[in-house]
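Step one of this worksheet: look at the structure below.
The figures here come from the full heavy-atom set of this structure, side chains too, leaving out hydrogens, waters and symmetry mates.
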2 protein chains.
Amino acid sequence: MSRVAKNPASRGSARPTLEAVAARAGVGRGTVSRVVNGSEGVSAKARTAVQKAIAELGYVPNRAARTLVTSRTDSVALVIPEAETRLVAEPYFSDTIRGVTAGLADTDMQLLLILVRTAKERERLAAYLSAQRVDGVLLVSVHRDDPLPNLLETIDMPAVLGGRRSDREPLSYVHADNESGARAAVEHLLDRGRRAIATITGPLDMEAARARLDGHRKALGAEPPDASLVAQADFTEEGGIRAMRALLERRPDVDAVFAASDVMAAGAMQVLREAGRRVPEDVAVVGFDDSIVARHTDPPMTSVRQPIEEMGRTMTRMLLDEIANPGLPHRHVALATELVVRESS
Amino acid sequence: MSRVAKNPASRGSARPTLEAVAARAGVGRGTVSRVVNGSEGVSAKARTAVQKAIAELGYVPNRAARTLVTSRTDSVALVIPEAETRLVAEPYFSDTIRGVTAGLADTDMQLLLILVRTAKERERLAAYLSAQRVDGVLLVSVHRDDPLPNLLETIDMPAVLGGRRSDREPLSYVHADNESGARAAVEHLLDRGRRAIATITGPLDMEAARARLDGHRKALGAEPPDASLVAQADFTEEGGIRAMRALLERRPDVDAVFAASDVMAAGAMQVLREAGRRVPEDVAVVGFDDSIVARHTDPPMTSVRQPIEEMGRTMTRMLLDEIANPGLPHRHVALATELVVRESS
DNA sequence: ACGGTGACTGGGAGCGCTCCCAATCCGGTG
DNA sequence: CACCGGATTGGGAGCGCTCCCAGTCACCGT
């Protein structure tokens, strides 16, 4: 049989194969494979010969071939609900990606980015993941009723969540200590002598939003606070605006607001200004995220910083761990937040 | 997490193969393959039988096997220099990704996200791309001396740039019409009766920055403007601050500033406030990007909007085109910008 | 000297898919 | 009724790699 190299995409110099390296080094395929994969049981002599051949030929393993036999893909997916990329403070997005990338840096894993926008895409994603096209999944911004985590568990796919669905989340996750952060924010307002401290919440089907609300409540005392001081919103500026208007109407005496996101806090500040209330003299404002928005409002906003990039890095490390050790029990990690005080409080 | 799969090849429920589908449908592998890939020359009868079998078995093609033989990977890489994710206005990042994802939406291509941070990683990326692990590359935020585009051309890898290296860029690219945008901004300032219109530039090794500077010059008249009205910076807030200080010192009479990015404009506004100049009464300010920052400065900032998400979408479509038709000549697309007038001017 | 031992090594057997070609089928022709 | 050509079909031959096992070989103990 002639070995007619009829490569369909025959551009560029044909890449050398394992076989070519073996021939050049005067050894068998098995030995080259062992060297490439760092297995032991290869004589020093053979190893150097192979390494030399690899260098000379510029050999790079064909990932598809490897995947075909090992059924490892050497890639992980980062799944982000697209809506969140609009609502949530912008840096959340880039910081997460940066953290994940950093966590993957000296692996040779690839990062697949998947934005899910519609319910239909969600289903496609499910099929996609079931097809085992990645070794693991990072899932951020999960809502309470998100079906994806359960799916992942069902198909036995390693996964780590950024944030949790509830405080009984079984899957592995990394999250910021939202409750403590919120509590610190409200206590800071109390320290400043504020007495009527309202809060603007995020969507309560997200645990992060609930936890921040809890922090507000706990800082104010054990018993549930006056409901008139709580306005529900959705993390958007528009929502923050509406919530602040409602609060002013219900509680003209309000002298401080803790918003569960910077963007909502910015909206609140607008409303306060229009209402003729000075910030911070009449009403103090504290946000959450410490995003770029917080630094540019007028006055600059006090906010609770969460270590998003580090969350991404940690999630990634945990995922790689779970991929490498399939039996591993799920782990839960909380990272500390930090109150950044500026002039709005 | 109950059963620890110790058998390497034992995946949850063994995924059905092409062969299984063929058996079930009572046809040969070739026929199933033809149906799956939409080739013609399949009788209606065979086709429906195959489709039925696929549905019943829940068959999903194994991508690795396909890649191995076709040497297509069905994935494209989006390469982003990591430094840019910090400097450039944040939404740039997420908008681009959103656009690219949208462009890929009804393909079954996957998106690989690659952040390049160090020179070493840059080299690894070169090796990676040379290994033909993706079908095409999207490259954003290219600097004038970026070696990557040439590499891509050398290895004959389909690529589309977001922005260009110079106005003689040979590779395909999509960019915003920076010069017109800048010109519109400066003309707007002239309309407002401003006479000493300074500009704060981005790093001039980026064509976008140069083009914005050109726009400033051309709006002011054919001849090169007074150099004292031009301050070079780097797209960062810090840079904008330094530049504005320098401008105030050199030209106390300055009555307007056009900054090549919102973040720099925000820095400039800070400096102006500290210097006791009112915006816009004493000095009008216009930014570029129309990012979230522009909406939250005090006063809200006039800015030049660029359709970033659309750029991402367009780039992606062009790339898919180039992948599908290898002979295609390179194309250059400029998208219009739009001046968004707010209270800072 | 000889079997035993452990360290290495080569290469067959696929992984699941696409390509391609020979084989088959069928209606229409002469 | 034999023959022809186009439409359809089945399945062999790999793609490049890892796994695994049967050797091979130098060396040791008795």
Separation of [X] atom [atom1] from [N] atom [atom2], in whole Å?
X	N	atom1	atom2	value
A:R72	C:dC15	CZ	C1'	14 Å
B:E19	D:dT9	CD	P	17 Å
B:N37	C:dC17	CG	P	10 Å
B:L18	C:dG14	CG	P	19 Å
B:R15	C:dG16	CZ	C1'	10 Å

So which protein nitrogen or oxygen atoms get under 3.5 Å of nucleotides 6-8 of chain D's nitrogens or oxygens?
none

For B:V36, report the nucleic acid contact type (base, sugar-phosphate, nothing); a contact means any heavy atom under 4.0 Å. nothing

Side chains of A:Q132 and A:S71, donor plus acceptor under 3.5 Å: no

Can you tell me which residue among B:T96, B:T101, B:D95 is in a side chain to side chain donor-acceptor pair (under 3.5 Å) with B:R98? B:D95

Phosphate OP1/OP2 of C:dC15 contacted by B:N62 side-chain N/O (<4.0 Å): no

At less than 4.0 Å, is any side-chain N or O atom of A:S33 found next to OP1 or OP2 of D:dC17? Yes or no. no

What's the verdict on side-chain contact (heavy atoms from CB on, under 4.5 Å) for B:V60 and A:R133, showing C-alpha distance, side-chain angles and the deciding distance? CA-CA 11 Å; B:V60 182; A:R133 291 227 256 251; 4.1 Å; yes

Given D:dT18, C:dT18, C:dG16, which nucleotide is nearest the side-chain atoms of A:R29? D:dT18

Testing C:dG10, C:dT18, D:dG16 for proximity to the side chain of A:L68, the answer is D:dG16

Nearest heavy atom decides the nucleotide; on that basis, is B:Y59 or A:T31 closer to the 5' end of DNA chain C? A:T31

Looking only at N and O atoms, is any donor in the side chain of B:R63 or the base of C:dG16 less than 3.5 Å from an acceptor on the other one? no

Qualifying residue for side chain to side chain contact (heavy atoms under 4.5 Å, CB included) with B:I114, from B:V134, B:L125, B:L139: B:L125

Ion pair present between A:R122 and A:D146, side-chain N to carboxylate O less than 4.0 angstrom? yes

Look at the rings of A:F93 and B:F93 and say which category their plane angle falls in: under 30° parallel, 30 to 60° tilted, over 60° perpendicular. perpendicular

Can you confirm whether B:V36 sits close enough to B:I54 that some side-chain heavy atom of one is under 4.5 Å from a side-chain heavy atom of the other? yes

